Participant: 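This structure is in structure tokens; I'll ask about it shortly.
Computed from a predicted model, the values in this text were never measured in an experiment.
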Amino acid sequence: MSNIKFLKPVLLLVFFILLFIIFFLSKPSDATAGIAIYWGQNGNEGNLSSTCATGRYAYVNVAFLVKFGDGQTPELNLAGHCNPAANTCTHIGSQVKECQSRGIKVMLSLGGGIGNYSIGSREDAKVVADYLWNNFLGGKSSSRPLGDAVLDGIDFNIELGSAQHWDNLARYLSKFNNQGRKVYLTGAPQCPFPDRLMGSALNTTLFDYVWVQFYNNAPCQYTSGNTERLFDSWNTWTTSVTAQKIFLGLPAAPEAAGSGYIPPDVLISQILPTLKKSGKYGGIMLWSKFWDDRNGYSSSILASV
Ligand SMILES: *[C@@H]1O[C@H](CO)[C@@H](O)[C@H](O)[C@H]1NC(C)=O
Ligand SMILES: *[C@@H]1O[C@H](CO)[C@@H](O)[C@H](O)[C@H]1NC(C)=O
Ligand SMILES: *[C@@H]1O[C@H](CO)[C@@H](O)[C@H](O)[C@H]1NC(C)=O
């Protein structure tokens, strides 16, 4: 009799432990979709800390490192936010940490539409990878532009210059993964496949998140009433590129790009349901924080992403 009395609470305990295990195993850890935002190219878009405090973004790309490679002294450009030449951007490091403490991943974005960047050789790729590691990631340097913050990774936003050696840069950066902390690799190719400049880098299969620019690219973007080109291109990207997640990159306002803007109601009712059928769907990337504030885009779509 006393054995059975004892058994009851034990069974109850086992039952609750099982419930706990089931709950945590079924909880999607990295699987929830989110919004990636580009921050840094407009001084009137709020600081990094307030950007992350909105709760609207899961990833922030700090844009851009506009000059690097081929022996050039690397140059960060954060528009009106601070002046890297006068070393006034280091205080942004604490804001990076604040974002990270909210679970937001912060990447340094390389390239952009203006600037002067290229990788001259395999050796140059190593020089640039070492520079990025020592100045923005887990390494050490006396002149870290964002102070001692260790960013989560490097975003490739290569829109100018040569197609050479970006794959080498990706390989050298990914080698730092064995230094104890993951270095995320992300990229923002144009939607025509394969990307003219970043194709070889993306083919390394080392990229975690790829936010494809479905704008300023008529052959593969949404045009009023026509979702077909976008869906065809999305299908190509999700089936051809080996990355953890693929994101739909969009302008956050009609004025944010030459073309490709998708009104929030169209995105929610006509586009997202199809994208979500792919296991590669990771969410939405928006250009940029400034335009998102102006148009309220991420607020309108967040619940549906
Ligand atoms: C960021 O901007 C917000 C809103 O303007 C302000 O309250 C806050 O003090 C700023 N934070 C930093 C670290 O500059
Ligand atoms: C880019 O850098 C190269 C090498 O330093 C230089 O020759 C070229 O004039 C630069 N171009 C621009 C547009 O600044
Ligand atoms: C990368 O792989 C794709 C096929 O997935 C191919 O079409 C492309 O030519 C490859 N190379 C480059 C440099 O893009």
Participant: Show, in sequence, the C-alpha distance, side-chain angles and deciding distance for Glu255 and Tyr261, and conclude whether the side chain to side chain contact (heavy atoms under 4.5 Å, CB included) test is met.
Facilitator: CA-CA 9 Å; Glu255 311 92 312; Tyr261 179 71; over 6 Å; no

Participant: With sequence neighbours left out, write down each residue that passes ring pair (Phe, Tyr, Trp, His ring centres under 6.0 Å) with Phe176, or none if nothing qualifies.
Facilitator: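 By the ring pair (Phe, Tyr, Trp, His ring centres under 6.0 Å) rule, Phe176 matches Trp133.
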
Participant: Checking side chain to side chain donor-acceptor pair (under 3.5 Å) against Gln190, which of Asn217, Asp195, Asn216 comes through?
Facilitator: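 That would be Asn217; it is the only one of Asn217, Asp195, Asn216 passing the side chain to side chain donor-acceptor pair (under 3.5 Å) with Gln190.
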
Participant: To check you understand the geometry: which heavy-atom pair defines the closest contact between Val210 and Ala243, and what is its length?
Facilitator: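 Taking every non-hydrogen atom into account, CG2-CB, 3.8 Å.
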
Participant: Less than 4.5 Å apart, side chain to side chain, heavy atoms only: is that true for Leu248 and Leu275?
Facilitator: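 Yes, their side chains come closer than 4.5 Å.
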
Participant: For Thr54, enumerate each residue passing the side chain to side chain donor-acceptor pair (under 3.5 Å) test, keeping only those at least two apart in sequence or located in another chain.
Facilitator: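 By the side chain to side chain donor-acceptor pair (under 3.5 Å) rule, Thr54 matches no residue at all.
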
Participant: Please tell me if the side chains of Val183 and Ser174 come closer than 4.5 Å, counting only heavy atoms from C-beta onward.
Facilitator: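 Result no, sub-4.5 Å side-chain heavy-atom pair not found.
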
Participant: According to the side-chain hydrogen bond (donor to acceptor under 3.5 Å, both in side chains) rule, which pairs have a member within residues 139-156, sequence neighbours left out?
Facilitator: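 Applying side-chain hydrogen bond (donor to acceptor under 3.5 Å, both in side chains) to every pair that reaches into residues 139-156, excluding sequence neighbours, yields Tyr38-Asp155, Lys97-Asp148, Gln100-Asp152, Ser109-Asp155, Asn135-Ser141, Ser141-Ser143, Asp155-Thr186, Asp155-Trp211.
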
Participant: Mind checking whether Val127 and Ile154 sit in one hydrophobic cluster, side chains of I, L, V, M, F, W, Y counted as touching below 4.5 Å?
Facilitator: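 No, it is not one cluster - the side chains of Val127 and Ile154 are not joined through contacts under 4.5 Å.
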
Participant: Shortest non-hydrogen contact from Tyr215 to Ser259?
Facilitator: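 Looking at all heavy atoms of both residues, the closest pair is CB-O, 3.2 Å.
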
Participant: State, yes or no, whether a side-chain contact exists between Asn203 and Asp167 at a heavy-atom distance under 4.5 Å.
Facilitator: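 They are not in side-chain contact.
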
Participant: Partners of Lys175 by salt bridge (charged side-chain N to carboxylate O under 4.0 Å, His left out), sequence neighbours excluded?
Facilitator: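 Testing Lys175 for salt bridge (charged side-chain N to carboxylate O under 4.0 Å, His left out), a comparison that skips the adjacent residues, returns none.
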
Participant: Looking at residues at least two apart in the chain, or sitting in another chain, which of them share a ring pair (Phe, Tyr, Trp, His ring centres under 6.0 Å) with Trp234?
Facilitator: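 Applying ring pair (Phe, Tyr, Trp, His ring centres under 6.0 Å) to Trp234 gives none.
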
Participant: Can you list everything that forms a ring pair (Phe, Tyr, Trp, His ring centres under 6.0 Å) with Phe136? Sequence neighbours excluded, please.
Facilitator: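 By the ring pair (Phe, Tyr, Trp, His ring centres under 6.0 Å) rule, Phe136 matches no residue at all.
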
Participant: Not counting sequence neighbours, which residues clear ring pair (Phe, Tyr, Trp, His ring centres under 6.0 Å) with Phe214? List them please.
Facilitator: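 Not a single residue meets the ring pair (Phe, Tyr, Trp, His ring centres under 6.0 Å) criterion with Phe214.
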
Participant: Identify all side-chain donor-acceptor contacts of residues 222-233 below 3.5 Å with residues at least two apart in sequence or on another chain.
Facilitator:
residue : atom : partner : partner atom : Å
Tyr222  : OH   : Gly225  : N            : 3.1
Asn226  : OD1  : Glu228  : N            : 2.8
Ser233  : OG   : Cys191  : O            : 3.4

Participant: Applying ring-ring contact (aromatic ring centres under 6.0 Å, His included), which residue pairs with at least one partner in residues 84-106 are found, sequence neighbours left out?
Facilitator: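 Matches after skipping sequence neighbours: none remain.
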
Participant: Can you check whether Phe207 and Phe156 have ring centres sitting under 6.0 Å from each other?
Facilitator: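 Judged by ring-centre distance (under 6.0 Å), Phe207 and Phe156 do meet the cut-off.
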
Participant: Could you grab the distance from atom CD of Gln179 to atom CG of Leu137, nearest 0.5 Å is fine?
Facilitator: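 Between Gln179 CD and Leu137 CG, I get 10.5 Å after rounding to 0.5 Å.
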
Participant: Any idea which heavy atoms bring Asp70 and Ser118 closest together, and the distance?
Facilitator: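 Where Asp70 meets Ser118 most closely, the heavy atoms are OD2-OG, 2.7 Å.
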
Participant: Are any of the side-chain heavy atoms of Lys289 and Asn42 separated by less than 4.5 Å?
Facilitator: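 Side-chain contact under 4.5 Å: no.
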
Participant: Would you list the pairs meeting side-chain hydrogen bond (donor to acceptor under 3.5 Å, both in side chains) in which at least one residue belongs to residues 76-85, sequence neighbours left out?
Facilitator: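 Pairs touching residues 76-85 that pass the test: Gln41-Asn77, Glu45-His81.
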
Participant: If you take the centroid of each ring, where Trp contributes its six-membered ring, are Phe68 and Tyr131 closer together than 6.0 Å?
Facilitator: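 Between Phe68 and Tyr131, which both carry aromatic rings, the centre distance is not below 6.0 Å.
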
Participant: Does Thr242 have any side-chain contact (heavy atoms from CB on, under 4.5 Å) partners at least two apart in sequence or in another chain, and if so, which?
Facilitator: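 side-chain contact (heavy atoms from CB on, under 4.5 Å) check on Thr242 returns Thr205.
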
Participant: Can a donor-acceptor pair be found, under 3.5 Å and without considering hydrogens, that links the side chain of Ser50 to the backbone of Asn47?
Facilitator: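 Yes.
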
Participant: With Ser298, which residues qualify under side chain to side chain donor-acceptor pair (under 3.5 Å), at least two apart?
Facilitator: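 Scan of Ser298 (side chain to side chain donor-acceptor pair (under 3.5 Å), adjacent residues dropped) gives Arg56, Asp292.
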
Participant: Please report the shortest heavy-atom distance between Val305 and Lys276, naming the atom on each side.
Facilitator: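 Closest approach of Val305 to Lys276: O-CE, 3.3 Å.
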
Participant: For residues Val128 and Leu110, determine if any side-chain heavy atom of one lies less than 4.5 Å from a side-chain heavy atom of the other.
Facilitator: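 Not in contact.
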
Participant: Are the side chains of Cys82 and Ile92 in touch, meaning some heavy atoms are under 4.5 Å apart?
Facilitator: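 Sidechains of Ile92 and Cys82: in contact.
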
